[in-house]
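The structure presented is a predicted model; accordingly, all values stated were derived computationally and were not measured. Heads up: numbering here begins at 1 and tracks the sequence. All values below come from the heavy atoms of this structure, side chains included, with hydrogens, waters and symmetry mates left out.
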Amino acid sequence: MALVHNRHRYSDSPALSEYHDFVEQCIPEYRRGTFTTAAGTYSTIDFYSELDTDLRFQDVTVRQWEWDFDTPLPHFLALSFSSSLIQRSAVMVGQQAVTKKLTELFEHYAQDGLLRQPHVTEVTFATRR
């Protein structure tokens, strides 16, 4: 089995750190690094620990790959609004307010019309016993 998770490297990007600051303001119960639970709340998840202690699995390992991509404003907005966090932020404060904030953030940090977005892909592997 492989569990794949892509996330912002907000610690490597003032733009993405500010992005998550904004989401935390819109959704008071959200904290960066957490995931949405089935109950609609937010919690940390440690895939490695959960699988490593599950007797149905063995050979649990984790690998990470850091990567960046540059995106123009329309793509940045489209990607942002595909996120459940931004969709929920829009419910809380309005789509216009979220679009305005994201556009301001883009304009402040973009270089040559592109915003660099550092990411990390983490893959947790496990073999079924």
Side-chain angles (χ1 to χ4, degrees):
M1 171 173 46
L3 300 172
V4 181
H5 178 70
N6 293 310
R7 65 180 186 274
H8 287 147
R9 290 189 350 253
Y10 44 77
S11 60
D12 293 339
S13 168
L16 294 179
S17 182
E18 188 174 323
Y19 178 102
H20 284 273
D21 288 344
F22 176 68
V23 172
E24 289 173 345
Q25 291 169 6
C26 294
I27 309 170
E29 63 273 16
Y30 170 74
R31 291 296 170 262
R32 64 190 75 199
T34 60
F35 298 86
T36 307
T37 67
T41 59
Y42 298 92
S43 178
T44 58
I45 298 174
D46 182 351
F47 297 121
Y48 177 86
S49 293
E50 288 188 29
L51 289 171
D52 197 44
T53 58
D54 188 322
L55 298 177
R56 295 172 295 174
F57 297 98
Q58 63 186 8
D59 303 324
V60 181
T61 58
V62 177
R63 295 226 170 43
Q64 292 184 339
W65 295 270
E66 292 186 354
W67 51 282
D68 301 344
F69 72 95
D70 299 332
T71 183
L73 178 60
H75 190 234
F76 173 68
L77 291 174
L79 283 174
S80 295
F81 276 99
S82 73
S83 160
S84 62
L85 289 174
I86 292 299
Q87 291 173 14
R88 188 161 179 196
S89 296
V91 168
M92 301 299 280
V93 300
Q95 185 165 346
Q96 185 176 11
V98 172
T99 301
K100 180 177 187 260
K101 175 61 179 179
L102 294 177
T103 301
E104 289 170 354
L105 188 148
F106 181 93
E107 290 172 349
H108 180 77
Y109 292 103
Q111 295 180 7
D112 299 322
L114 298 172
L115 180 66
R116 169 133 312 158
Q117 296 187 65
H119 281 71
V120 61
T121 297
E122 182 176 281
V123 183
T124 306
F125 299 95
T127 305
R128 190 168 187 91
R129 291 187 193 265

Review point. Closest approach of Ser80 and Ile86, non-hydrogen atoms and distance?
Key: O-CB, 3.0 Å
Check your understanding: From Thr34 OG1 over to Glu24 CD, what is the distance, rounded to the nearest 0.5 angstrom?
Key -> 8.0 Å
Check your understanding: Can you tell me how far the CH2 atom of Trp67 sits from the CZ atom of Phe69, to the nearest 0.5 Å?
Key -> 5.5 Å
Point to revise | Where Val93 and Cys26 come nearest, the two heavy atoms and their spacing | key: CG2-SG, 3.8 Å
Check your understanding: Atom OG of Ser89 and atom NZ of Lys101: how far apart are they, to the nearest 0.5 Å?
Key -> 12.0 Å
Check your understanding: Thr53 side chain to Ser49 main-chain N or O, any donor-acceptor pair under 3.5 Å?
Key -> yes
Exercise for review: Fit a plane to each ring of Tyr30 and Tyr42, take the angle between them on a 0 to 90° scale, and name the class: parallel (under 30°), tilted (30 to 60°) or perpendicular (over 60°).
Suggested key: perpendicular
Review point. Given the rule that I, L, V, M, F, W and Y join up when any side-chain heavy atoms are under 4.5 Å apart, are Val60 and Leu3 in one cluster?
Key: yes
Point to revise | Leu73 versus Phe106, closest heavy-atom pair with distance | key: N-CZ, 3.2 Å
Review point. With the 4.5 Å side-chain cut-off for hydrophobic clustering, are Val123 and Phe57 part of the same group?
Key: no
Check your understanding: Would you say the side chain of Leu51 lies within less than 4.5 Å of the side chain of Met1, judging by non-hydrogen atoms?
Key -> yes
Review point. Any idea how Tyr19 and His8 line up, ring-wise: parallel (<30°), tilted (30 to 60°), or perpendicular (>60°)?
Key: perpendicular
**Study point:** Among Glu18, Arg116, Gln117, Glu104, the one residue meeting side chain to side chain donor-acceptor pair (under 3.5 Å) with Tyr109
**Key:** Glu18
Review point. Below 4.5 Å, heavy atoms only, C-beta onward: do Asp70 and Gln111 meet side chain to side chain?
Key: no
Review point. When clusters are formed by joining ILVMFWY residues with side-chain heavy atoms under 4.5 Å apart, either directly or through shared neighbours, do Val4 and Phe125 land in the same one?
Key: yes
Review point. Would a hydrophobic clustering, with Ile, Leu, Val, Met, Phe, Trp and Tyr connected at side-chain separations under 4.5 Å, put Leu77 with Met92?
Key: yes
Practice item. Would you name the heavy atoms of Ala110 and Leu115 that are closest together and state the gap between them? Key: N-CD1, 4.1 Å
Revision key, fill the gap. In this structure, CZ of Arg7 is separated from NE2 of His119 (nearest 0.5 Å) by 10.5 Å
Check your understanding: How close do Ser84 and Thr36 get, heavy atom to heavy atom, and via which atoms?
Key -> OG-OG1, 4.4 Å
Review point. Does the side chain of Thr99 reach to within under 4.5 Å of the side chain of Phe81, using non-hydrogen atoms?
Key: yes
Review point. At what distance, to the nearest 0.5 angstrom, does CG of Asp68 lie from CZ of Arg9?
Key: 5.0 Å
Practice item. Kindly compute the distance separating NZ (Lys100) from CD (Gln95), expressed to the nearest 0.5 Å. Key: 15.0 Å
Exercise for review: Report, as yes or no, whether the 6.0 Å neighbourhood of atom CZ on Arg129 holds more than 12 heavy atoms from other residues, nucleotides or ligands.
Suggested key: yes
Check your understanding: Between the main-chain N or O of Pro14 and the side-chain N or O of Ser17, is there a donor-acceptor pair closer than 3.5 Å?
Key -> no
Point to revise | Ile27-Leu102 co-clustered via ILVMFWY side chain contacts under 4.5 Å | key: yes
**Study point:** Gln64, CD atom: more than 12 neighbouring heavy atoms under 6.0 Å
**Key:** yes
Point to revise | Heavy-atom closest pair, residues Ala97 and Phe22 | key: O-CZ, 4.4 Å
Practice item. Flag yes if more than 12 heavy atoms outside Gln96 fall under 6.0 Å of its CD atom; otherwise flag no. Key: no
